[in-house]
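To keep things clear, I will list the structure first and then write my remarks on it.
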Amino acid sequence: MAHAKGNSPLVIWLRRWRMVALAALACGSVARYARAQAASGNSPFEAAIREADAAWTAGRFPISMSAYTRALALDSSASSRAVYRLAVLHSWEGDLRRAIPLFARYVLLEPRDEEGRIALAKAYAWSGATDRAVGVYDSILARDATYRDAALGAAQSLAWAGRYDEALGRYDRWLARTPRDVEAGLARARTLAWAGRLGAAESAYIELESRGERLEASKGVALVAAWRGHLGRSERLWRALTVKVPRDPEVWVGLAQVLRWSGRAEGARDALTRALAVNPAHPDAREQMRWVRADLGPTVEPGAASAWDSDGNRSWQAGLAGSIRAWSGARLSVAGSHRRTALDALRGTSSTARASLRVKAGGSLTLVGEAGGTRTGSGSDASAREHGFAIGGVRATARLSTGFSLGGGVSRSAFDETAQLIQSAIATTSWTAEGELQLPGRLVLAGTGEVAHLDGGSVSNRRRAGSTTLRWKPRRALALALAGRGFDYAKSPRDGYFAPSRFRLGEMSAHFGLGRDLGWALGAELGIGIQRVQFD
């Protein structure tokens, strides 16, 4: 039976293709309309771009960021300018997690724009991704070995990461090509200082001074002199610069730092006031002023601690300390503490109050005096005994020359660490001496010695002790040490303290710390060693 004409396969096929053609025509019309809207500037994307560009030009950056973000949500690749500017805005806010992908997208959109690659490399360096930063810089140098920003950027990234030898190698290669590049020379001298090669850094700055680049090089010489411990010379150099360029806030900040290190917080405050008068927003001046105000102002330090050991000794301690600036270069402190100790049924308490005065005489001598008393109580649940001790001491520390200091003193205190020691009512009188020598390469050699007499308990005793430590600080927050120490007692009493006839310990340790002058501190230390103990 023949098919009806309207239902033939050919007719059905034609109808289907007619529908496809109509749909394509409709889509084309919509696309042409959208393009026309975009060309006329009426699309949401173009409106967002116009708003963002206008806000960028006017310096209204939060509005600009919001508008660029809205535009890129509509089309993430239509405007490379929008991608780049949004990346810059995120980097200004320190949001590198968002900035880096945007810089990377910009590099894909504009592969011939080397400035975009430089921006991506800087963002990597700021985020701590040093190898990626150097890789981007090297990709630029592979095409053009004379590209200055890439060469210096790679060296700077390595210096920021503490890879000083690699950084110096790159600076040296660049300066061999362009020996008159003053900025590169200053960066190299700065890297030498960061690496702890202070003598070489100072020589590099002095050479730059002799070539006529006096201001920045002179700042470097003054700064390195302070780092080398030449505080008096550094102060003279900074003061000369304040006369030469009184409107430069950096020289006032440098002078303030030296005065603060010298214990002259009032002078540091005056110098920082001058710096902030020139530039109220100067970040280093504002931060140092916060530190100086903390130095000058009163302090209150509460504390609490709890400890126990494998012998069954337990202790709990709470304390409160405070200090005020007595006069220029002097600080008066008072402190009180209470300790409770236990060993099985034996109990002990110790309460201490003390006052101390610390005086900085000039830039090289520090004197400390202390006086107070300790009251102890001990016994079992059925009995108790109390004792009183006068405590105190004097101490002096002098910096005799660059990188070399000596100190010594005498002190008397109660030996009250455990319940059994409190029961034994022991007091110690100690004579101590110490010295410190700064060596090249951020090495410090320190040594201490002590002779102490212990009165009370079952027998009077004498302790001799000494230690030597070689410290190396490869990073600001990291210190490594090799130490040897030992002590011995003349007698072996039974009063609850560790009193071998000879004790020796060799130890390697690493210390990591953050905070420093920021008003807080976080530290961790790991050590491994070997010891020898001998008893009579």
Side-chain angles (χ1 to χ4, degrees), residues 128 130-131 158-168 191-201 227-229 305-311 313 315 395 397 399 401-409 417-418 428 430-452 463-489 497-518 520-535:
T130 304
D131 289 334
L158 292 166
W160 285 350
R163 294 158 61 175
Y164 301 121
D165 289 338
E166 296 176 67
L168 290 169
T191 302
L192 285 168
W194 290 349
R197 296 160 62 178
L198 300 179
W227 287 4
R228 299 183 73 181
S306 178
W308 60 93
D309 62 26
S310 58
D311 292 329
N313 290 295
S315 68
R395 182 178 186 81
T397 303
R399 183 172 293 277
S401 64
T402 302
F404 179 56
S405 63
L406 285 177
E417 296 176 0
T418 66
T428 63
S430 301
W431 288 265
T432 60
E434 64 181 11
E436 184 176 277
L437 176 64
Q438 295 181 4
L439 302 173
R442 294 193 176 187
L443 289 170
V444 176
L445 180 64
T448 63
E450 178 199 42
V451 176
R463 178 181 67 229
R464 296 180 301 177
S467 68
T468 302
T469 304
L470 180 65
R471 294 192 302 272
W472 178 47
K473 198 166 187 178
R475 302 287 186 275
R476 181 180 295 272
L478 176 65
L480 306 176
L482 180 65
R485 62 178 180 267
F487 63 87
D488 57 52
Y489 280 88
Y497 61 93
F498 180 58
S501 60
R502 176 174 293 182
F503 173 85
R504 300 292 182 267
L505 172 67
E507 182 183 41
M508 294 183 296
S509 64
H511 177 82
F512 178 81
L514 295 174
R516 296 171 59 105
D517 294 318
L518 301 179
W520 56 272
L522 175 65
E525 187 165 350
L526 176 67
I528 185 171
I530 184 171
Q531 67 180 21
R532 294 178 62 87
V533 183
Q534 176 181 329
F535 290 93

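Residues Ser467 and Phe487 form no side-chain contact, since every pair of their non-hydrogen atoms from C-beta on lies 4.5 Å or further apart. Between Thr468 and Leu445 the shortest side-chain heavy-atom distance falls below 4.5 Å. Leu470 is listed as a side-chain neighbour of Leu439, based on a closest heavy-atom distance under 4.5 Å.
Counting all heavy atoms, side chain and backbone alike, Ser430 lies closest to Arg463 at OG-NH2, 4.3 Å. The shortest non-hydrogen separation linking Val533 to Phe503 is CG2-CD1, 3.6 Å. Taking all atoms of both residues into account, the shortest heavy-atom contact from Ala193 to Trp227 is CB-CZ3, 3.5 Å. Summarising the geometry of Leu406 relative to Gly435, their closest heavy-atom pair is CD2-CA, 3.8 Å, with the distance given to 0.1 Å.
Taking CZ of Arg504 as the reference point, atom CD1 of Ile530 lies at 14.0 Å (rounded to 0.5 Å). Taking CD of Glu525 as the start and NE2 of His511 as the end, the distance is 6.5 Å to the nearest 0.5 Å. With rounding to the nearest 0.5 angstrom, the OG1 atom of Thr130 is 6.0 Å from the CZ atom of Arg163. Note that CD1 of Ile528 and CG of Leu526 are 8.0 Å apart. Values are rounded to the nearest 0.5 Å. For the atom pair Thr191 OG1 and Leu168 CG, the distance stands at 5.5 Å (nearest 0.5 Å).
Shown here is Trp431, whose CH2 atom has more than 12 heavy atoms of other residues, nucleotides or ligands within 6.0 Å.
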Exercise for the section: Test Glu507 against Leu482 for side-chain contact (heavy atoms from CB on, under 4.5 Å), laying out the working first. Expected result: CA-CA 6 Å; Glu507 182 183 41; Leu482 180 65; over 6 Å; no

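Taking the centre of each ring, Tyr489 and Phe498 stay at or above the 6.0 Å mark.
Ion pairing between Glu450 and Arg464 fails under the 4.0 Å rule for side-chain N and carboxylate O. A salt bridge is absent between Asp488 and Arg502; no separation between the charged side-chain nitrogens and carboxylate oxygens falls under 4.0 Å. A salt bridge links Arg395 to Glu434: one of the charged nitrogens lies within less than 4.0 Å of a carboxylate oxygen.
Checking Ser405 against Glu436 by side-chain atom types alone, no donor-acceptor pair falls below 3.5 Å.
Checking side-chain atoms of Asp309 against main-chain N and O of Asp311 turns up a donor-acceptor pair under 3.5 Å. Looking only at distances, a side-chain donor or acceptor of Ser501 sits under 3.5 Å from a matching main-chain atom of Gln534.
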